[in-house]
J.: 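Below you will find the structure I want to go over with you.
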Number of protein chains: 2
Amino acid sequence: MNILVCDDDKAIVDAIGIYLENEGYQIFKASNGVEAIEITQENEIHLVLMDIMMPKMDGIRATMKIREDHNIPLIMLSAKSEDYDKILGLNIGADDYITKPFNPLELIARVKSQLRRYTTLGSLEMKTNVYQTGGLVIDDERKVITVDGEEIHLTPVQYKILKLLIANPGKVFSIEEIYEKVWNEPAYNPENTVSVHIRKIREKIEINPKEPKYLKVVWGVGYKIEKI
Amino acid sequence: MNILVCDDDKAIVDAIGIYLENEGYQIFKASNGVEAIEITQENEIHLVLMDIMMPKMDGIRATMKIREDHNIPLIMLSAKSEDYDKILGLNIGADDYITKPFNPLELIARVKSQLRRYTTLGSLEMKTNVYQTGGLVIDDERKVITVDGEEIHLTPVQYKILKLLIANPGKVFSIEEIYEKVWNEPAYNPENTVSVHIRKIREKIEINPKEPKYLKVVWGVGYKIEKI
DNA sequence: GAAAATCTTAAGAATTACATAAAGAGTTTG
DNA sequence: CAAACTCTTTATGTAATTCTTAAGATTTTC
């Protein structure tokens, strides 16, 4: 995420820059409105922190100018704590207003809040939880499994075992581990039980169960899903 | 635009209500978190103003709960001006934070700022509130359900269940999930209750309830509406 | 290459989850 | 306040899944 920090006081720009870089953001710096506009035009900026009082072009006019072309979140930053300025700033298109001096943690929280809204809006629950290896796909939200595009049906236990394995592709799970993770209880005599389920899963997902392509045994250790 | 104002101090709710109604907004009022959640579920709310300290359920928990289902702008409103609370509020999903006492003009400016962002961003969501799959259509605005053009009648609980499922087509919901989302309370012994309602819904929306076309069971997991 | 260990396969019994019907409790409506 | 409707509970039937048992096949060990 790229953030533009614009203030004529270089010390403030640097300080904010350090806080935000610690959070993993990429920082662009400007010291007046003209520079800020140029930077937004030449780079993909995801959020702007804009001081109001600046030489050349002040933050209010710069904000209006930026808003002509961009819809990114913009937080105003100013020593003026008078309400009139806040209201003006918010009315011309700022998304938030922070008065100096400010608590760095609050600044970061507000930046994150704006970015969260900007990036996740409309995509509430876009996490689809899909695991895949080779032609084997498992959609955990819809509880649907497909092999080479063809939908197959697994029973609940079979599904849980397969999901455990495919969620950690390549990792070998012992029979005890599988039993405990899937059943959520200590394994009593899991060998046969688990192996029967493995068999059933193979019947369904493997073209040739004798030579499994996905669900492989590791002799004396356990089973794994091959990472393809 | 509908705005929910939630505060246990009725005087504040009314005052805010007057300011916002003057701006042309429709106001909904709640005096604690539980009421707030109910209102967001039963009405189309576009913005929430949420106090933090309230009886029954505080604003922090109410915000988290609302965020599970809704992505609308939410402004926190609190006498606590300590930074910690601001940061917490913003981090759990609030879009803004205003400390009491506040300037009404600032409040309005922040409300407008949030709504501007919410409505213009991503051409937001001319949410039609009409869900459809195959010949099954549910118009949540008018609360009307049709199957192949023919209108059918569902009871409130049946309606909520069906809406939950069809709003997330293909997604499987466990019986517990259904119970908790629809009844808004922890599931005590939901199996029978839910399955009876499922039966009733099927009687009404399925041509042949024995072989449901829309409302399918996923064995050992839950129910889903088939995405057609 | 034989013995031991590990894994695979099959089928039926036991268990669990779901479907359905019907009755009683609670709620709303006229 | 009675009728109608809705929701929940109980009981029973049905279908799907899981477990157990046990024999056969494969791999490893000595």
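Residue numbers start from 1 in every chain, and the chains themselves are labelled A, B, ... in the order their sequence lines are given, proteins ahead of strands.
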J.: Please give me the minimum heavy-atom distance between C6(B) and G33(B), naming the atom from each residue.
T.: SG-N, 4.4 Å

J.: Map W183(A) and H153(B) onto DNA chain D by nearest heavy atom, then report which one ends up closer to the 5' terminus.
T.: H153(B)

J.: Just checking T155(B): base, sugar-phosphate only, or nothing, at a heavy-atom cut-off of under 4.0 Å?
T.: sugar-phosphate

J.: Please check: side-chain N/O of T133(A) versus main-chain N/O of L136(A), any donor-acceptor pairing under 3.5 Å?
T.: no

J.: May I have the distance from Y179(B) (atom OH) to dT9(D) (atom P), rounded to whole angstrom?
T.: 7 Å

J.: Considering only heavy atoms, which members of residues 195-223 of chain A lie under 4.0 Å from some atom of DNA chain D?
T.: V196(A), H197(A), W219(A)

J.: Which parts of nucleotides 23-30 of chain C does protein reach within less than 4.0 Å, heavy atoms only, written one letter per nucleotide 5' to 3' as B for base, S for sugar-phosphate only and - for none?
T.: --------

J.: Quick one: which of E38(B), Q41(B), K65(B) gives a side chain to side chain donor-acceptor pair (under 3.5 Å) with N184(B)?
T.: Q41(B)

J.: Are any of the side-chain heavy atoms of D8(B) and K56(B) separated by less than 4.5 Å?
T.: no

J.: So does I87(B) get a backbone contact from the side chain of E106(A), meaning a donor-acceptor N/O pair under 3.5 Å?
T.: no

J.: Does some side-chain heavy atom of E191(B) sit less than 4.5 Å from a side-chain heavy atom of E176(B)?
T.: yes

J.: What is the distance from CD1 of I161(B) to P of dT6(D), rounded to the nearest Å?
T.: 14 Å

J.: For L154(A) and dT18(D), what is the distance between atoms CG and C1' respectively, to the nearest whole Å?
T.: 14 Å

J.: Would Y159(B) and D140(B) count as a side-chain hydrogen bond (donor to acceptor under 3.5 Å, both in side chains) here? Give the steps.
T.: CA-CA 10 Å; Y159(B) 185 92; D140(B) 193 40; 2.7 Å; yes

J.: For Y223(B), run the side chain to side chain contact (heavy atoms under 4.5 Å, CB included) check against I201(B), I178(B), I161(B), V172(B) and tell me which one passes.
T.: I178(B)

J.: Whole Å only: how far is the CG atom of N192(B) from the C1' atom of dA21(C)?
T.: 13 Å

J.: Would you kindly give the CD-to-P distance between E191(B) and dT20(C), to the nearest whole Å?
T.: 18 Å

J.: Could you grab the distance from atom CG of D96(B) to atom CG of L90(A), nearest 0.5 Å is fine?
T.: 7.5 Å

J.: Is the phosphate of dT9(D), meaning OP1 or OP2, less than 4.0 Å from a side-chain N or O of T193(B)?
T.: yes

J.: Check whether any side-chain heavy atom of Y25(A) lies under 4.5 Å from a side-chain heavy atom of I108(A), and answer yes or no.
T.: no

J.: For the helix from dG1(C)-dC30(D) to dG30(C)-dC1(D), how many degrees between its two end axes (five pairs per end), to the nearest 10°?
T.: 40°

J.: Salt bridge or not for D95(B) and R67(B), using N-O below 4.0 Å?
T.: yes

J.: Between P on dA19(C) and CD1 on I175(B), what's the gap in Å once rounded to a whole number?
T.: 8 Å

J.: Expressed as a whole number of angstroms, how long is the span from Y159(A):OH to dA17(C):C1'?
T.: 18 Å

